[in-house]
Amino acid sequence: MTPSAVPPTPIRAPAESLTVTFDDALRFYLNGTRVVLDEVDPEVTLLEYLRGIGLTGTKLGCGEGGCGACTVVVSQYNPTTKQIYHASVNACLAPLASVDGKHVITVEGIGNVERPHPVQERVAKSNGSQCGFCTPGIVMSLYALLRNNQAPTEHDIEEAFDGNLCRCTGYRPILDAAQTFSVRKGANGVGGCGNAKVNGGSGCCMENGSGGCGKDGKADGIDDQPIKRFTPPGFIEYKPDTELIFPPALKKHDFRPLAFGNKRKKWFRPMTLEQLLEIKSEYPAAKIIGGSTETQIEIKFKALQYPVSVFVGDIPELRQYALNEDHLEIGGNITLTDLEAICQEALKHYGEARGQIFTAIHKQLKYFAGRQIRNVGTPAGNLVTASPISDLNPVFMAANARVMAKTLGDEITIPMADFFTGYRRTALPTEAVLASICIPLTQEENEFFRAYKQAKRKDDDIAIVTAALKLRLSDDGVVEDVNIVYGGMAPTTVAAKQANAYLVGKKFAELETLEGAMNALGQDFDLQFGVPGGMASYRKSLALGFFYRFYHEVMQTIGGKADEEAVSEIEREISTGKEDNAAAAAYMQETVGKSNPHVAALKQVTGEAQYTDDIPPLKNELYGCFVLSTKAHAKLKSVDYSAALEIPGVVDYVDKNDMPNVRANRWGAPHFQETFFAEDEIHTTGQVIGLVLATSQARAADGARAVKVEYQELPAIFTIEEAIEKESFFEFFREIKKGDPEEALKNCDYVFTGTARMGGQEHFYLETNASVVIPKPEDGEMEIWSSTQNPNEAQAYAAQVCNVQSNKIVVKVKRMGGGFGGKESRSVPLSSILALAAKKTRRPVRCMLTREEDMVTSGQRHPFLAKWKVGVNKDGKIQALDLDVFNNAGWSWDLSAAVCERSMTHSDGCYLIPNIHVRGRICKTNTMSNTAFRGFGGPQGMFIAETYMSEVADRLGMPEEKFREINMYKPGELTHFNQTLTDWHVPLMYQQVQEEADYANRREAITKFNAEHKWRKRGLALIPTKFGISFTALWFNQAGALVHIYHDGSVLVAHGGTEMGQGLHTKMTMIAAQALGVPMEDVYISETATNTVANASATAASASSDLNGYAIYNACAQLNERLAPYRAKLGPGATLKELAHAAYFDRVNLSAQGFYKTPEIGYTWGENQGKMFFYFTQGVTAAEVEVDTLTGSWTCLRADVKMDVGRSINPAIDYGQIQGAFVQGMGLFTMEESLWLRNGPLAGNLFTRGPGAYKIPSFRDIPQVWNVSLLKDVEWEDLRTVQRSRGVGEPPLFMGSAVFFAIRDALKAARRQYGVEAAVGVDGMGSAGDGDGLLRLESPATPERIRLACVDPIVEKARVEPKEGEKSFFIAI
């Protein structure tokens, strides 16, 4: 168990104040084994306990219940349903003290590598695990579903992961693996049915087209006959009766009142409402804890302290419900999962008309957080938290529900209209407990109730605006009563008073009533431009849009004239996908070319794969916690850490004064401008000031909070526009010039100008930066385990800060839980600072950054701004491009120069522009230092290209697909940096994708759809990509490898690349196995280490397979040459064991060092000569979307992705990279938005610092139909890589932009409906300004940007203009 600074001591309640006797022992089962703990620290979470006892399969991903990496199953008797329920739970939020009487099951408890659970095996073999850090949580979510539902439907499967995130896979292979357990779909599509052809039957009715065999509405007849399961070939059969049983002893568990505590905190667990009221009377300020979902976040992220906590999750009285004659009464502590089922039961009991409120609650719960949160969260917790953006509170308020509260001697009824008294404040007395909620019914006739929600992401997202609307009409259609309630429009859940007052007495069906109500709503919510929470225009448009939707839904119900299309909301179908599994058939070899699973997949799905923070604690180990700046730009006046050193458990403090010399504090070649520790000036929030060392992570965090820092604030710059205005640039300028663009622009038929703007992107690797540093007793030696893509640089800087030579430092990397470029340079400060701390204390030091720390310190993808001028003729041929490119570097150089260069080299997209001049600048701002991210400037450059291609096509009145095709490079043509395009297959794929995706017919269908629909618009886009493969810094294009053959014929391979989920070790193992003629099982890669392969380049630039693969191949070739005489002597059937044995006795070296450097490349800037890239990986994607223009919601209906990856070494790995990159790219261009706070005490701080505010795509954001294929049946004549494969990690990311441009296509249709479209032949950036109708869409295309790009009367009514000097609440850089 994680140690506490204060030894836990049992709480003995004073007899005169509390009549109950409390026990102080925690009894539960863990993976089938009984556990009794008599000393429990109430501050320890279940996750900390599990990891502390060595069950490290359960991961810490975010600490706020937003990613699901920590998911475990907690089985317990449910007092609401009177059944055993297996709850998937976020262990990072669950207090250890809450598991009394329960059975905790972790990923280790259900299977191991030797005997995996069917869930584990299918996820592994279906390529559903890449980096593997999220995988145990995903496995446990699926396991929980199967334990509760032995016959899940496809919908159950698809919804099972709404509380889990994955950054690597793109989700498709996980869903494919999971769907093999569904009752309708086995491996071949229908396999749950016993009659299915795949099961040897005559044909399932689903296959035969009759629509289903449901009897009495029961899908598949599963309630009427035993389930016949289909086990896909090669998989373990799933047998529910072999699962871990619920321990019989727990069925008879004596639930006693419990009390634990220490000097800092008391924890009570009463078992009756009377006991709870007694405790609350004694401790009125005690924190009531139900699911702990909000409390843990308050403790961890807001540093709130609750000296007394009372856990109420086990009080049966608070978890009951009653279906009364005129209302439903639910216990305050019923879980939200149970509330879902209760709502469905109530609906059956009362009927649809009287149960409309329960339909609304059920609908809101469907997208309320994730299943793990709903399994523990409660309506009482939701109410007393009083969040202004709650999903449920508007429903309770609009329904005129009543809160029943109790004190020790009284019962209180509080109408919901009076419950919220201010921001996060309620009318609940401090000594009272919310016991139950009474929810009235709607009338049988003439009463209507609906609820709506809009968020940035459909699943597991906090609302932007929620609404609940209740309406009662007289028989003649006059409004008798109305209650319109909103969340997200004020500091509290609030009723629209003016709209409510206006509507009463009005004839509802009259158009004037709708117009008048909309006007009244506009007055109710007259938001200011700088309103807290931002998005003033969007929020107002949602308030109006929700009422508009409600009005027409009611009109539709009563048979009036309705805008029926406004009523329905976008719903997804079950997602499907296919891959071309025959793509490599023409060149498949014994090992290479086959779709082998990731070599560590089984270890990852069973929790056995070890990551940096999984390394067992070492003797005398210390934990580090950064002291970070809270100001964006300031003079550092003083730092006082004396209070930190007074905290028990805090051992030491490290800062710039501990460096061996001033130079040692500087890093970041070639400029060495960045500092490990802040010196005299702070340049960004999140800059490291010092490091507190303590005996536990919690005490180190306490110590860091206790350090007092005094600042003198200075003006700060955040955006590119501000930097340009204030000329805040780094000393960097690059240009590429070809032809004579100035002259060409004069002679074109048209010249159009514009800008392209895109935001950054947080890496959101599931494993944050982590390092363990172990000092050795001799010669300053040190061993460093680090989650880094760049062991060589980690070694160099650790040596620098420790003032030793690099040969004393060994850096090792087993694997990373994702990297994406974020651990190329930004991992170096953590490992270097910990090395200094280890040297100072002579003790091992460990640190794994919290998600918040990682996000505020580690940098993001660079935001970009481009200003372009394009010359084009009437035939659509581009003649010239003049382009200025700016990136936002943040406060230091990092890799911004190389990122800018790559963006410039990709700013031509896939298009021949004979005259071009591109200039690049780097903006210096006061954000964290932006850094490498998958694509490294390439996606930004190509986005600029596709933006001007789209806008110029609109200006010409030409279809974008045709305009792209007219200007597309042909084989053998020169790029703007004078590189010949060989093996150029983009034009071929452009045609193939159109044919395979039925593009022309779908374009016609979309045109027809858009003409027939007012609020729904569909869009289609066809986007190509070319991505140059090579480091632009020439010297990085090299690699080394070391290959050993042992006596037993086994092979150990070491190379300079690191494994972060991309399957590099898998591909390298295959190359070695193929080269040496042995099975893959005989080849092993242990880790990456600087003492086996020295001076390795970072694992980046999509070049690692090329570089390290050839180095391994080179080493194997040497070994084969040495073994050739023995092969000749022993014959072709000789095993490697026999060959090695014979060679050893002849004293032949069975170790070889391989080396490779990329030939031919070397570009000279300024001269615009030389080969920039070894080759280009290429691809084409078609994407189709549907947009709900009333809210800005959208879904990707279909995506067809085709990539040219050469001869694939491992198609399964490559498909995984393509799918993962596509979804990450889709997130970049449509969803992921980083925001900074503009004002207040936290001005200049990153707001989006965790999954609660920063949204990456989830399982139900992927394309509904998703087809991925590899180019085949072509020759790669000029490709001279290992196995003639192409790098695949980064290139597919830009394919996600096809979704952005499809959204843009849909929006053009929405605007055209109101007569707003681009003026043909006119440059709108000139005198015509923005009034010419051209759609200029910035990235990301969030729902807010989508809605505000529309021009319908509702959004026009909602627009909020800033007053003079008024600025938005957030800064979007």
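- Ring to ring, H552 and Y548 are close: their centroids are under 6.0 angstrom apart.
- Exactly one of E480, E444, E445 qualifies for a salt bridge (Lys or Arg N to Asp or Glu O under 4.0 Å) with R472. That residue is E480.
- Taking N1267 as the reference, D1200 meet the side chain to side chain donor-acceptor pair (under 3.5 Å) condition, with sequence neighbours excluded.
- Salt bridge status for R1003 with D1305: present, with a side-chain N to carboxylate O gap under 4.0 Å.
- S1258 OG to D162 CG: the interatomic distance, rounded to the nearest 0.5 Å, is 8.0 Å.
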Atom pairs and distances, donor-acceptor, side-chain atoms in residues 1186-1193, under 3.5 Å, two or more places apart:
unit_1	atom_1	unit_2	atom_2	d
E1186	OE1	R1018	NE	2.8
E1186	OE1	R1018	NH2	2.8
E1186	OE2	R1016	NH1	2.8
D1188	OD1	R549	NH2	3.4
D1188	OD1	L1190	N	3.0
D1188	OD2	R549	NH1	3.4
D1188	OD2	R549	NH2	2.8
D1188	OD2	T1191	OG1	3.2
T1189	OG1	W1015	O	3.0
T1191	OG1	S1193	N	3.2
T1191	OG1	S1193	OG	3.3
S1193	OG	Q454	OE1	2.9
S1193	OG	Q454	NE2	3.2

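- Here K363 pairs with E569 under the side chain to side chain donor-acceptor pair (under 3.5 Å) rule; sequence neighbours left out.
- Between R1198 and E1184, no side-chain nitrogen of the basic residue sits less than 4.0 Å from a carboxylate oxygen of the acidic one, so the salt-bridge criterion is not met.
- A cation-pi contact, defined as under 6.0 Å to the ring centre and within 45° of the axis, links K458 to Y367.
- A salt bridge links R1347 to D1352: one of the charged nitrogens lies within less than 4.0 Å of a carboxylate oxygen.
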| When you look at E447 and K470, which way does the salt bridge (Lys or Arg N to Asp or Glu O under 4.0 Å) test go after all the steps? | CA-CA 7 Å; E447 192 161 20; K470 184 181 180 185; 3.6 Å; yes
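- By the 4.0 Å N-to-carboxylate-O rule, D954 lies close enough to R1304 to be salt-bridged with it.
- For the pair Q523/D526, no side-chain contact is recorded, criterion being any heavy-atom separation below 4.5 Å from C-beta on.
- Within 6.0 Å of atom CD in Q344, more than 12 heavy atoms from other residues, nucleotides or ligands are found, so the atom counts as buried in its surroundings.
- We find the CG-OG distance between N382 and S387 to be 7.5 Å, quoted to the nearest 0.5 Å.
- Ion pairing of D461 with K456 is absent here, as no side-chain N (NZ or NE/NH1/NH2) approaches a carboxylate O to less than 4.0 Å.
- Electrostatic pairing of K1308 and E960 counts as a salt bridge here, judged by a charged N lying under 4.0 Å from a carboxylate O.
- To the nearest 0.5 Å, atoms CG (L1228) and CE (M758) are separated by 4.0 Å.
- Contact annotation: the side chain of K366 never approaches that of E340 to less than 4.5 Å [non-hydrogen atoms, C-beta and beyond].
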